[in-house]
Amino acid sequence: MLDESLLDTPDALAEADRRGLLRGAAEAGARVRTALRHATEAGIPRLQPDGRPRAVLIAGPGTASAGVAELLTTLAGSACPVTRVHPTGVAPAPGALRWELPGWAGPVDLLLVPTPDGSEPGLALLVEQAYRRGCTVVAVAPSRTPLADAVDRAHGLFVPMASAPNQAAAPNEPAAPEPPQEPVASVATPEPPTASAPGILWALLTPLLALLDRTGVLTAPPEALEKVADRLDRVAERCGPAIATYGNPAKTLAAELADSLPVIWTEGTSAGPAGRRFTAALAELAGRPAVTAQLPEALAAHSVLLSGPLAAGADPEDFFRDRVEEPAALRARVVLLRDRPIGGLSAAPAARDLAYGHDTPISELEPEEGGELETLAELIAVTDFAAVYLALATNN
């Protein structure tokens, strides 16, 4: 059950935040700036590629790397095929995972390896395999890890992963600036961050955006990435723990999702990956199941769901039974994430009609005007904060 009183008590939020999730969400803009600086120092702006790669392959563990692959696939569009190399193994532990290049991968392809760990033997083996095939390798990972050594042996490009502002920087790594938001004091015993923790995504994604901009796969010039950092800072100011729920879109969304099954509908190119990341963050951070689909197909895919026992007005049991000792029933709540509709057509009115027709409430998020990267960043940042608040207020 969600403790709404905790949402408006910053000290209690800080005490409950043993994984540093709020700080991670607040530092996303700072991570982008630090990652951009690392990309510059690694020589990405000076690259003179001969042209686009035939295909981009992405390999890495966990939700953060999967999110990077999802976002790069969306942003690349039809300019270049982007394929995630899914790991195999008996457990999701760094030492147990293995990756294998597809048989067609060769000298005209580019392998990207984003990981917040860098100790995975399977990734080092993959880099060696790519070197033997003639693939170009670029990795983003913590410095002084086995992966960094493997990339060096393969004559690839290694970009140190931007550390959090509150983490000790590596000896050759400049310290990251503090985020502009009011710092959140950590008064509890810290726990390791999870793979979907806010901030990690941007630390891995930003150097690869700069790289793929140079190769012509997508458009992400330095000035656009600076705007992304500024937008993330503004979201952090609006969604920080010191802002009350009534004026805080992330706390409001978290409160609305209490005892709800989030049914996430997205509209627009950028909203799709943001919705899928929100689904993953809800599961990994808050332990909350969610389903997601893109409009207008979501209306057909989830129509039966909204008319079944999960509908807000459904109650299959006796109305007069004693509910005091029973846990609250999970009811569907639609979360509509909208970016610019493709072709100016929108299925949002039909979505509202379907939801309200089944007595199902709707929460809507739409970013402010801006470039594709900025609006994408805003949707991800607000939903990251919402997942964190839901996790903290439900004691997950």
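Heavy atoms only: backbone and side chains are in, while hydrogens, waters and symmetry mates are out.
Without hydrogens or angle criteria, E374 side chain to R231 main chain gives no donor-acceptor distance under 3.5 Å. Counting only distance, with no hydrogens or angles, the side chain of R214 and the backbone of R46 share no donor-acceptor pair below 3.5 Å.
No more than 12 heavy atoms of other residues, nucleotides or ligands lie within 6.0 Å of CD in E297, so this atom counts as exposed by the packing criterion.
Between the side chains of D117 and T115, no donor-acceptor pair of N or O atoms lies under 3.5 Å. Side-chain atoms of R31 and T206 include no donor-acceptor pair closer than 3.5 Å. Side-chain polar atoms of R288 and T394 form no donor-acceptor pair below 3.5 angstrom.
Checked for salt-bridge contact, R277 and E70 miss the test: no charged N lies under 4.0 Å from a carboxylate O. Using a 4.0 Å cut-off between charged side-chain N and carboxylate O, E364 and R352 make a salt bridge.
The two residues L365 and V382 have their closest heavy-atom pair at CD1-CG1, 3.8 Å. The two residues P160 and S143 make their nearest non-hydrogen contact at CB-OG, 3.3 Å.
Cluster membership for M161 and L111, using ILVMFWY side-chain heavy atoms within less than 4.5 angstrom, is not shared.
Between H155 and Y131, the angle of the ring planes lies from 30° to 60°, which puts this pair in the tilted group.
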